[in-house]
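Read the structure below first, then the notes.
By convention here, the first residue in the shown sequence is residue 1. All heavy atoms count here, side chains included; hydrogens, waters and symmetry mates do not.
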Amino acid sequence: QVQLVESGGGSVQAGGSLSLSCAAFGYIPSQYYMGWFRQAPGKEREVIAYLESGGPATWYADSVAGRFTISQDNAKNTLYLQMNSLKPEDTGMYYCAADLSWSRLANGKGNYWGQGTQVTVSS
């Protein structure tokens with residue numbers, strides 16, 4: 001079974017940057033999808049970005065497009081999320097997820113999830 005472990009969260013002032021990492025342990029198939037989700041206090045979990053392993057396709061939510069960048073390091077089985085120009089509304093728990101199906105992943109039904117890492121952006 002695959003285990004996902006997020007890291008890199010913290011507290012930052014508005015306009016600052018953070019870089020999140022998601023390390024995957026266990027067997028990783030050659031073709032899969034990985035993505036980032038977040039959940040703010042009192043709100044539903046939302047998809048932020050996802051990608052296809054080994055491919056050029058990426059997707060970003062409108063709320064983060066142009067500010068966040070999703071990437072991967074296949075050799076290390078690690079997913080990254082570079083977050084720039086952070087806003088207070090970016091505050092929340094950030095989760096990494098993975099699945100063989102892009103549709104399950106995009107709809108928040110991925111088979112594998114990390115425990116999350118907290119991101120707090122102050123004004």
Side-chain angles (χ1 to χ4, degrees):
Q1 188 171 15
V2 176
Q3 180 183 1
L4 305 178
V5 180
E6 302 97 336
S7 62
S11 181
V12 66
Q13 292 284 331
S17 299
L18 284 173
S19 182
L20 306 183
S21 298
C22 173
F25 301 90
Y27 175 73
I28 308 298
S30 59
Q31 183 175 347
Y32 61 97
Y33 299 87
M34 297 187 71
W36 289 96
F37 295 75
R38 70 184 180 189
Q39 186 168 22
K43 297 183 178 180
E44 300 98 7
R45 182 177 59 193
E46 63 176 335
V47 59
I48 300 168
Y50 60 86
L51 56 73
E52 178 184 10
S53 64
T58 59
W59 180 92
Y60 296 93
D62 289 342
S63 60
V64 306
R67 299 187 298 118
F68 291 11
T69 302
I70 187 171
S71 61
Q72 66 183 81
D73 184 339
N74 287 330
K76 297 182 178 180
N77 289 328
T78 301
L79 183 74
Y80 301 96
L81 184 68
Q82 178 64 46
M83 305 185 294
N84 298 325
S85 301
L86 284 163
K87 306 174 181 179
E89 51 263 43
D90 293 319
T91 294
M93 186 70 72
Y94 283 68
Y95 299 91
C96 174
D99 202 286
L100 292 173
S101 167
W102 70 265
S103 61
R104 287 201 300 269
L105 179 68
N107 284 284
K109 301 182 184 299
N111 283 331
Y112 303 101
W113 292 85
Q115 295 300 306
T117 185
Q118 178 68 38
V119 171
T120 302
V121 184
S122 59
S123 60

Listed once per pair and sorted, the disulfide bond (SG atoms under 2.5 Å apart) pairs that draw on [range], sequence neighbours left out:
range: residues 25-69; answer: none
range: residues 38-90; answer: none
range: residues 5-113; answer: C22-C96
range: residues 46-82; answer: none

Report all side-chain donor-acceptor pairs from residues 10-18 shorter than 3.5 Å, counting only partners two or more places apart or in another chain.
| from | atom 1 | to | atom 2 | distance (Å) |
| --- | --- | --- | --- | --- |
| Q13 | NE2 | S122 | OG | 3.3 |
| S17 | OG | N84 | OD1 | 2.9 |

At their closest point, which heavy atom of E6 faces which heavy atom of Y94, and how far apart are they?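 Result for this residue pair: OE2-O, 4.1 Å.
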At their closest point, which heavy atom of A98 faces which heavy atom of L4, and how far apart are they?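 It is N-CD1, 3.9 Å.
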Ring pair (Phe, Tyr, Trp, His ring centres under 6.0 Å): which pairs involve residues 57-76, sequence neighbours left out?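 Checked against ring pair (Phe, Tyr, Trp, His ring centres under 6.0 Å) - neighbours excluded - the pairs reaching residues 57-76 are Y50-W59.
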Transitive ILVMFWY side-chain link [X] to [Y], under 4.5 Å:
X: L86; Y: Y95; result: no
X: F37; Y: V64; result: no
X: M34; Y: I48; result: yes

Remaining members of Y27's ILVMFWY cluster at a side-chain heavy-atom cut-off under 4.5 Å?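 ILVMFWY cluster around Y27 holds nothing else.
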Does anything in residues 42-65 pair up under salt bridge (Lys or Arg N to Asp or Glu O under 4.0 Å), and if so which pairs, sequence neighbours excluded? R38-E46
Under the salt bridge (Lys or Arg N to Asp or Glu O under 4.0 Å) definition, can you give me all pairs with a residue in residues 69-84, not counting sequence neighbours? none
What pairs with E89 under salt bridge (charged side-chain N to carboxylate O under 4.0 Å, His left out), at least two apart in sequence or on another chain? none
R67 meets the salt bridge (charged side-chain N to carboxylate O under 4.0 Å, His left out) criterion, sequence neighbours left out, with D90
Inter-residue atom distance [X].[atom1] - [Y].[atom2], 0.5 Å rounding:
X: L79; Y: S21; atom1: CG; atom2: OG; result: 8.5 Å
X: L100; Y: Y32; atom1: CG; atom2: OH; result: 10.5 Å
X: W102; Y: Q31; atom1: CH2; atom2: CD; result: 13.0 Å
X: Q39; Y: M93; atom1: CD; atom2: CE; result: 9.0 Å

Distance-only donor-acceptor pairs under 3.5 Å for side chains of residues 105-116, two or more places apart:
| from | atom 1 | to | atom 2 | distance (Å) |
| --- | --- | --- | --- | --- |
| N107 | ND2 | S103 | O | 2.7 |
| N111 | ND2 | D99 | OD2 | 3.2 |
| W113 | NE1 | G110 | O | 2.9 |

Side chain proximity check, Q82 to I70, heavy atoms < 4.5 angstrom: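 Not in contact.
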Got L20 and M83 here, is their nearest side-chain heavy-atom distance under 4.5 Å?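 Heavy-atom side-chain distance check passes, below 4.5 Å.
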Given 3.5 Å as the limit, does a donor-acceptor pair link the side chain of T117 with the main chain of S7, or not? no
